[in-house]
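To keep things clear, I will list the structure first and then write my remarks on it.
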Amino acid sequence: MSSNAALRADSLPRRILVLDGSPAGENACGMAACLSHDGQTLTLSAQRVEAGRQAAEGIALIAADVLAQAGWRSSGLRHADSQPDPVGGGAQPATTHGMTPSAPVRGNAVPEAGHVPQRVSAEVSPRTGDTRPAGEPDCVAVVVGPGSFTGLRASCAVAAGYALGAGARLVGVTRGEALAPALEAELARHNGSVRCRENVPATGAEGAGRQVPAGGALDGWLVVTAARRGRVFVEDRSGVHAVAEGQVPTVLQGRRWLVAGEARAALPLPGSVFSPLEHPTAEQIARAACKRLAGGLPARDALPLYVDPPEAKLPADGLRATPV
């Protein structure tokens, strides 16, 4: 598909609500952000990040606060308050754990009055013929994983409920999909630098004072994030896998990697290079969602990406008989 065909003006949103409750363990948090684009740039209007697992579980309140800060309509949250279960299809009450929309903002704070929104370059086009009410998001982008079981379940449920209530499109993206453009650019810079330096003589007059770096070009990128029970999630261009800390799968051995993610030091990967990237920004998530809507990424349901098989098992004696 050509880039012109991929970026059809009538296929992309103008206002995007981003939700992310995927970080796990010590990095657990909930994030919501409002972004819009005018055809050339993405503009971050409001963002809030709350640390802790309870914040991820109460992401509906974070979303409501961000929508209010951005001056966007939040009618869809009436549906999100009774969250559709993204797996079982039933409804479950939103979990708040005492959080309120007016709770103190931590982490990446919501822009204050008079703050000039950050403008971020993006290859997107405006959606034409949009008759929706001003300030009503027309897309909800949610990180589907890998990450926290509870955080993913809560954020995907709120995203589905809001999209249903607002009549917005629902798009799921993974951490790796959101980080991929930045990682590909970093990979290209590194390998280009290696090739340039390998072509410079290390001895003689021309090579005086220069050194050829040990190792060579990197073979690809990995995003390594925290899991449970001494394991990590590893995402690359082909998908996501769960591996034990300190154990490198055969498919990753003998190659040099650019390694990102908060758990990037958990795997012994000789010759690899650590990237400073740990988790995608709201802008990166929004870009990935636009790319998926435009056909630049394969279709994916906005459902939690559970890498591990379910731990719940049927009782040994079977289920109880249906009450009469």
Side-chain angles (χ1 to χ4, degrees), residues 12-24 28-36 44-50 53 55-68 70 72-96 99 101 132 135-175 177-178 279-293 297 299-306:
L12 296 176
R14 297 174 61 183
R15 295 172 294 275
I16 306 170
L17 172 64
V18 172
L19 300 175
D20 184 11
S22 63
C29 65
M31 183 272 285
C34 293
L35 300 99
S36 59
L44 178 63
S45 302
Q47 176 173 306
R48 177 176 173 180
V49 178
E50 286 282 346
R53 194 180 75 174
E57 295 172 0
I59 199 167
L61 292 176
I62 300 176
D65 189 37
V66 166
L67 288 164
W72 290 11
R73 291 163 56 95
S74 57
S75 58
L77 286 179
R78 290 198 297 267
H79 293 258
D81 285 341
S82 182
Q83 301 171 18
D85 188 321
V87 177
Q92 56 181 355
T95 307
T96 60
M99 290 181 58
R132 299 171 57 82
E136 181 80 83
D138 52 2
C139 176
V140 182
V142 60
V143 175
V144 298
S148 163
F149 178 92
T150 304
L152 292 179
R153 195 177 186 91
S155 54
C156 287
V158 170
Y162 186 87
L164 176 64
R169 286 170 288 181
L170 177 62
V171 187
V173 300
T174 69
R175 293 196 198 188
E177 288 171 341
H279 195 75
T281 64
E283 294 92 337
Q284 289 170 329
I285 296 168
R287 286 196 195 100
C290 289
K291 186 174 182 180
R292 170 148 284 133
L293 287 173
L297 289 174
R300 176 188 293 277
D301 290 331
L303 297 173
L305 177 61
Y306 296 140

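Quick note: residue numbers are just sequence positions, from 1. Model, not experiment: these values are computed from the prediction.
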* To do: Any chance you could measure H279, atom NE2, to Q284, atom CD, to the nearest 0.5 Å?
  => 9.5 Å
* Can you name the closest pair of heavy atoms from S148 and A24 and give their distance? -> N-CB, 3.8 Å
* Asked: Taking all atoms of both residues into account, what is the closest heavy-atom pair of L152 and P146, and its distance?
  -> CD1-C, 4.4 Å
* Do the non-hydrogen side-chain atoms of C139 and V171 ever get within less than 4.5 Å of each other? -> yes
* Asked: If you take all heavy atoms of G172 and R300, which pair is closest and at what distance?
  -> O-CD, 4.0 Å
* Just how far is it from atom CG of L19 to atom OH of Y162, taken to the nearest 0.5 Å? -> 9.5 Å
* Any chance you could measure I16, atom CD1, to R287, atom CZ, to the nearest 0.5 Å? => 10.5 Å
* To do: Please name the pair of heavy atoms, one in A32 and one in A63, separated by the smallest distance, quoted to 0.1 Å.
  => CB-CA, 3.8 Å
* To do: Any chance you could measure D138, atom CG, to S36, atom OG, to the nearest 0.5 Å?
  => 10.0 Å
* Can you see which heavy atom on A33 is nearest to which on A282, and at what distance? => CB-CB, 3.6 Å
* **Partners meeting side-chain contact (heavy atoms from CB on, under 4.5 Å) with R53 (sequence neighbours left out)** => A28, E57
* Asked: Between R175 (side chain) and S22 (backbone), is there a donor-acceptor pair under 3.5 Å?
  -> yes
* For the atom pair CG (L67) and CD1 (I62), what is the distance rounded to the nearest 0.5 Å? -> 12.0 Å
* To do: Carefully, step by step, assess L303 and V144 under the rule side-chain contact (heavy atoms from CB on, under 4.5 Å).
  => CA-CA 6 Å; L303 297 173; V144 298; over 6 Å; no
* Structure fact -> Taken to the nearest 0.5 Å, the spacing of R292 CZ from E177 CD works out to 4.0 Å
* To do: Dump the intermediate steps for side-chain contact (heavy atoms from CB on, under 4.5 Å) on S45 and R15, then the final yes or no.
  => CA-CA 10 Å; S45 302; R15 295 172 294 275; over 6 Å; no
* To do: Give the minimum heavy-atom separation between I285 and A141, together with the two atoms involved.
  => CG2-CB, 4.3 Å
